[in-house]
Amino acid sequence: MNAGGETVAARILDLLAAAGVRHVFGLPGLHNLPFWSAEPTRRPRIVGVRHEQTAAYAADGLARASGGLGVAVVTSGPGLANTVAALGEARSSGSPVLMIASEPPLSARRPGRRLLHDLPGPQRDLVLAVTKQRFVPQFPDEAVQDVATALHAAMSWPRGPVYVGIAADLLAAPSTAAPRLDLLQRPEPRGVNQAASLLAQCERILLWVGGGAVQSGAGEHVDALARRLGSPVVATFAARGILGADHPLLIDLPPHEPVVRDVLAQADAMVAIGTAFEGMQTMNWSLELPPRLLRVGVRADMTAQEDYPPDWIVDGDAARACDALALHVGGREAWADAPYRMKRDVHARHRADPTTAVAAAMVDAVEQSWPDHGNVVCDMSVAGYWVAGYAAQPRPRRLQYPVGWGTLGFALPASVGAAAGGAPTLVVCGDGAAAMAVGELATLVQERLAVCVLVVDDGGYGMLRYDQERAGWPQHGVDLVGPDWVALATAYGLVSERIDDERGLTGALARAAVADGPTLLHMPLALTPPRTTSPRWADPA
């Protein structure tokens, strides 16, 4: 096919390639086959998955791991409907995901007709609540241009998923469109002088760092500001690793721990960088913050936060804002007593407590055996809560955790995207979460992805079982019939192993980290949830 005869689908793939996209995740259907028919030379590779939800989760996983755009391609109607939960997680967590879905062909639409995959109303309404913007082009060249606009919208602040719905006959139509890709602009900070004046009145300043700081690449800038102010640093789940686990000012613990709340109580001001103060992180906004609050970053919802109203806002790119503040404030001595030792002390208590000792050993195994360059993707499972909250993270974007929307079943499908760049990826999930995407074990094998799936099996929904126990309710709906996980993984072609106690986990993880392909570790184990879970928020110290 000559250049003038390229299809809309081919032009879109060319556009994505120009934007640096190397992998697209999708599932073929009748209406979107032109994407699979396009000549693959120099175009992104379409990674075929087993369920449309995985296509969106994998795009999210790649976006979080790389800091770039994640792209999913699905078919119309039920194909798009299957992605809604994953798009909701991307929206809540600010992940730039471009969802391209086919729509029924324009040429076949007539009043009163019900086409295959058609709906009574516009298909875009399926994703109205979980996307930033939606585009439904009516002409071939318009479709290519809309993808360029949507790509920019997904990556612009605040980042999030964007939908483009393209009729099947448009995807196969010829197009000569070659739209220009706009460069993203980092907004200059505003309000720095007033913020510096406010900080000059405070002696004990604490930094609270969120995912917006990671998205703007602000690690070294946060480091400089923390050292300038002598401030201890608390990182949210999305920002874990932004300073490295051995930073002298980092309190490498979740704020649910009493020792962290004690430091918050001693501070007379907080600088919150790139965060929206979500309910899970603040124990549904019951966490007491210092009396003065300065907010820094580019999240659109910053000014709408009523639970923690700021005394001042520095609007603009988080990295530039941190630099500007560091230039305007005088140097201070560190005021908190050895923040870096707090995690060591808390972890020692976890090891000594019989109810948490096994979980502490699991955290130790992950820290000791999983390589720094590898990714860690945790699910909304008890094992995932422990690793996400307490395992050291040596770099930003290493940890992925679906606390934005709390989507059970995130980790296994998201690992497809996280591992697409070649880094070994550890999935930490329970048996209930793994069962929701078990077909993606085939995707891991087909793509030869270096993913280790650690299934910590407590025979059901362990967190909900714990909730019922704490409330004194009878246990219903929380026990599950599960497969022989080792036999199932072997049937799919994974290297698999049963881990009978936590002492064997360290070596098994080390072997999985260098394996040539995917592995599955099955660990029958019931864990007590950590303090980051709501039933334990009010536990005494």
Side-chain angles (χ1 to χ4, degrees), residues 1-49 52 54-63 66 68-76 79-80 83 87 96-103 105-106 131 133-155 161-184 416-417 420-422 443 446-447:
M1 185 176 290
N2 60 42
E6 293 279 22
T7 65
V8 166
R11 290 291 182 188
I12 289 172
L13 292 174
D14 288 340
L15 180 65
L16 294 175
V21 175
R22 297 293 174 261
H23 296 89
V24 172
F25 306 93
L27 196 152
L30 175 64
H31 288 158
N32 68 356
L33 278 177
F35 282 111
W36 276 261
S37 301
E39 172 60 42
T41 304
R42 298 187 305 277
R43 288 175 176 148
R45 183 165 178 270
I46 302 179
V47 177
V49 298
E52 289 91 355
T54 295
Y57 273 139
D60 186 353
L62 183 146
S66 68
L69 180 73
V71 182
V73 176
V74 300
T75 194
S76 48
L80 177 64
T83 71
L87 290 174
V97 170
L98 175 58
M99 172 56 64
I100 304 175
S102 60
E103 297 206 355
L106 290 172
T131 52
Q133 291 181 244
R134 291 147 299 280
F135 300 85
V136 184
Q138 301 298 303
F139 305 98
D141 287 356
E142 181 188 10
V144 182
Q145 179 60 59
D146 278 356
V147 170
T149 305
L151 184 157
H152 188 271
M155 292 293 291
V162 177
Y163 169 74
V164 182
I166 306 175
D169 44 1
L170 290 189
L171 284 174
S175 172
T176 58
R180 181 177 63 90
L181 290 171
D182 294 329
L183 295 177
L184 292 172
V416 173
T443 302
Q446 183 165 319
E447 298 296 325

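Excluded from the calculations below are hydrogen atoms, water molecules and symmetry mates; all remaining heavy atoms, backbone and side chain alike, are included.
Closest approach of L98 and A150 over heavy atoms only: CD1-CB, 3.7 Å. The shortest heavy-atom contact between A420 and H23 is O-CE1, 3.4 Å. Listed here is the closest heavy atom pair of T7 and A172: CG2-O, 3.6 Å. The shortest heavy-atom contact between R11 and S175 is NE-O, 3.0 Å. Nearest heavy-atom pair, L15 versus A148, reported as atom, atom and distance to 0.1 Å: CD2-N, 3.5 Å. Taking each heavy atom of N32 and V73 in turn, the nearest pair found is ND2-CG1, 3.9 Å.
When side chains are defined from C-beta on, L16 counts as touching L151, because their heavy atoms get closer than 4.5 Å. Side-chain atoms of E447 and V416, non-hydrogen and from C-beta on, never get closer than 4.5 Å to each other. The side-chain heavy atoms of V71 and P44, taken from C-beta on, include no pair separated by under 4.5 Å. For the pair M99 and T131, the minimum side-chain heavy-atom distance is 4.5 Å or more. In this structure the side chain of F35 reaches within 4.5 angstrom of the side chain of I100, judged on heavy atoms. Contact annotation: the side chain of H152 never approaches that of L181 to less than 4.5 Å [non-hydrogen atoms, C-beta and beyond]. In this structure, the side chains of D141 and T176 come closer than 4.5 Å at one or more pairs of heavy atoms. At a threshold of 4.5 Å between non-hydrogen side-chain atoms, the residues L87 and Y163 do not count as touching.
Applying the side chain to side chain contact (heavy atoms under 4.5 Å, CB included) rule to A55 yields the partners F25, V49, A72, V74; only residues at least two apart in sequence or on another chain are considered. Every side chain to side chain contact (heavy atoms under 4.5 Å, CB included) that A143 has, sequence neighbours left out, goes to V8, P137, I166.
A distance of 5.5 Å separates CD1 in I46 from CG in L13, rounded to the nearest 0.5 Å. To the nearest 0.5 Å, atom CD of residue Q133 and atom CG of residue D146 are 10.5 Å apart.
The main-chain N or O of S102 is never found under 3.5 Å from a side-chain atom of T75 such that the two would form a donor-acceptor pair. Using modelled atom types, one side-chain atom of T149 and one backbone atom of Q145 make a donor-acceptor pair closer than 3.5 Å.
With respect to R134 and E103, no salt bridge is recorded, no charged nitrogen being found less than 4.0 Å from a carboxylate O.
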